[in-house]
Amino acid sequence: MRPLPAVDPYRLGVFTSAEALASGWTPKALHHAAATGRVVRLRPGVYVADRPVPESPHESARDSMRISAIAAVLANPTSMASHTAAAVLHELPVWFLPERPCVTVPPGYVGDVEGAHLHRARMPATHQTLRGASVSSIERTVVDVGREHGVLSALVVADAALHRSLTSVDALRAGVRACRGWPGVRSAREAVDLADGRAESPLETASRYKLRGQVPPPELQPLIFDAAGLFLGRCDFLWEDLGVVGEADGMDKYDGTKPLSLREEKIRQEDLENCGLVVVRWGPADLNPIEGLVARLEAGYARAQRRREPRRWTASLMRRAS
């Protein structure tokens, strides 16, 4: 059986009929492969090798977005995957995942792109990357996500990109300047001003954003030690002067590089509380409406202040990247 065309792994097995013919396939053989399920026809002239569907509904939706975006771009060479679709292709988390991938084409483009949300805008070469198909750069992606879906959505992408050292604050600011005057760019500018690479999950980012102005600013990702210098753990948020730790439970917790089990999490919380800290935990549902979480945090601040115990812990704080 003839092997499928060799394409960039980033494409997730998506290939064109032209690539198949160039590698020795015939139109009849390609038609037979689609009829028997070896490959799936995504759109005229674009196919993907049959592959297992991720078990997680969230990952399955992201996988579908990736494949649809790559197929749209391969079928329309003057286009690039952009906005949320580009964020997913860059393997970055998103706060909102639309049903259709976004594709950007030049302003003078005539027609439509089947199965895609089409945008017409300038596409400088510096705003594009080639990862098996044309995709907007991370900096342009943050701008476009902000323009399309608002500050929080752009902030989630920006925080994750900074955390993974895929960009810098200066590069993100340059990306915003390059799109100065575009509709909605103010949201992108605000997101970049707030971006902080210390955040480790979308829930941490959203918590920081929604609590802004509601409670005192917390320190992010502090390392906590007991009075003897024994490391107790790294926490999501710390209100150091108030003696309160905040934990956003939206992803597996990590201590260094090792994921923590539920039992280890409980033990860590007991250790923190035994040192005099108050721990407040929350999940995604607690962010909407935010008032309930604000009330819980304020109750935690008050509980910590009533203890009047000598401080039996220290914190090592991670500085925000500039």
Side-chain angles (χ1 to χ4, degrees), residues 54-62 91-97 152-153 155-164 194-226 231-240 242-304 313 315-318 320:
E55 293 183 5
S56 161
H58 176 69
E59 282 306 316
S60 178
R62 284 177 61 93
E91 300 182 0
L92 294 169
V94 296
W95 189 246
F96 169 74
L97 188 68
L152 177 53
S153 289
L155 185 57
V156 165
V157 178
D159 275 5
L162 289 172
H163 181 72
R164 301 176 190 184
L194 295 172
D196 194 317
R198 292 175 295 178
E200 294 190 330
S201 75
L203 181 57
E204 290 178 36
T205 295
S207 298
R208 187 177 88 249
Y209 178 70
K210 294 198 171 191
L211 289 170
R212 188 172 55 113
Q214 305 281 333
V215 298
E219 296 291 342
L220 308 185
Q221 301 300 324
L223 306 180
I224 309 296
F225 302 84
D226 68 12
F231 176 64
L232 300 180
R234 178 161 53 85
C235 304
D236 296 334
F237 303 96
L238 171 67
W239 286 268
E240 186 173 15
L242 298 170
V244 174
V245 161
E247 293 282 67
D249 297 326
M251 61 177 290
D252 293 335
K253 291 293 179 187
Y254 285 80
D255 207 338
T257 59
K258 179 184 176 185
L260 296 178
S261 67
L262 179 61
R263 176 177 176 276
E264 289 171 323
E265 255 305 283
K266 289 183 176 179
I267 291 174
R268 188 181 73 155
Q269 178 166 336
E270 290 174 1
D271 290 340
L272 294 170
E273 292 176 341
N274 288 337
C275 286
L277 285 160
V278 169
V279 179
V280 179
R281 312 184 76 93
W282 63 86
D286 296 306
L287 299 189
N288 189 24
I290 197 64
E291 287 75 16
L293 177 56
V294 171
R296 289 176 55 211
L297 284 168
E298 289 176 340
Y301 304 152
R303 191 161 68 251
W313 56 273
S316 175
L317 306 180
M318 184 187 304
R320 178 180 179 180

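- Counting only heavy atoms from C-beta outward, the side chains of Cys235 and Leu272 approach each other to under 4.5 Å.
- Considering CD1 of Ile224 and CZ of Phe231, their distance stands at 8.5 Å, rounded to 0.5 Å.
- For the pair Leu297/Trp282, a side-chain contact is recorded, criterion being any heavy-atom separation below 4.5 Å from C-beta on.
- What you find for Ala195 and Leu162 is that their closest heavy atoms are CB-CD1, 3.6 Å.
- Rounding to the nearest 0.5 Å gives a distance of 12.0 Å between CD of Glu270 and CG of Leu232.
- Sorted by first then second residue, the side chain to side chain donor-acceptor pair (under 3.5 Å) pairs that include residues 283-299, not counting sequence neighbours, number zero.
- Listed by chain and number, the residues in a side-chain hydrogen bond (donor to acceptor under 3.5 Å, both in side chains) with Thr205 are Asp159 (sequence neighbours excluded).
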Please tabulate, for the side chains in residues 209-221, all donor-acceptor contacts under 3.5 angstrom to protein atoms that are two or more places apart in sequence or on a different chain.
unit_1	atom_1	unit_2	atom_2	d
Arg212	NH2	Glu190	OE2	3.2
Gln221	OE1	Arg234	NH1	2.6
Gln221	NE2	Glu204	OE1	2.8

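- Residues Val280 and Gly300 come closest through the heavy atom pair CG2-CA, 4.4 Å.
- With values rounded to the nearest 0.5 angstrom, Ile267 atom CD1 is found 11.5 Å from Asn274 atom CG.
- For Arg303, the side-chain contact (heavy atoms from CB on, under 4.5 Å) criterion is met by Val278, Arg306, not counting sequence neighbours.
- Closest heavy-atom contact between Gly246 and Asp236: O-CB, 3.4 Å.
- Applying the salt bridge (Lys or Arg N to Asp or Glu O under 4.0 Å) test to Arg164 and every residue at least two apart in sequence or in another chain returns nothing.
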*Going through the checks in order, is the side-chain contact (heavy atoms from CB on, under 4.5 Å) test met by Arg281 and Gln269?*
CA-CA 10 Å; Arg281 312 184 76 93; Gln269 178 166 336; 2.7 Å; yes

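- Applying the side-chain hydrogen bond (donor to acceptor under 3.5 Å, both in side chains) criterion to Glu59, with sequence neighbours excluded, gives no partner residue.
- Residue Trp313 comes nearest to Gly243 through the heavy atom pair CZ2-CA, 4.0 Å, listed as atom of the first residue, atom of the second, then distance.
- Note that CG of Asp271 and CD of Glu273 are 9.5 Å apart. Values are rounded to the nearest 0.5 Å.
- Nearest heavy-atom pair across Leu277 and Leu238 is CD2-CD1, 4.2 Å.
- Phe96 pairs by the side-chain contact (heavy atoms from CB on, under 4.5 Å) definition with Pro98, His149, Ser153, not counting sequence neighbours.
- Closest approach of Cys275 to Asp226, counting heavy atoms only: SG-CB, 3.6 Å.
- With hydrogens and angles disregarded, no donor-acceptor distance shorter than 3.5 Å links the side chain of Arg208 to the backbone of Phe237.
- Trp239 meets the ring pair (Phe, Tyr, Trp, His ring centres under 6.0 Å) test with Tyr301; sequence neighbours excluded.
- The side-chain hydrogen bond (donor to acceptor under 3.5 Å, both in side chains) search around Glu240 returns Arg311, not counting sequence neighbours.
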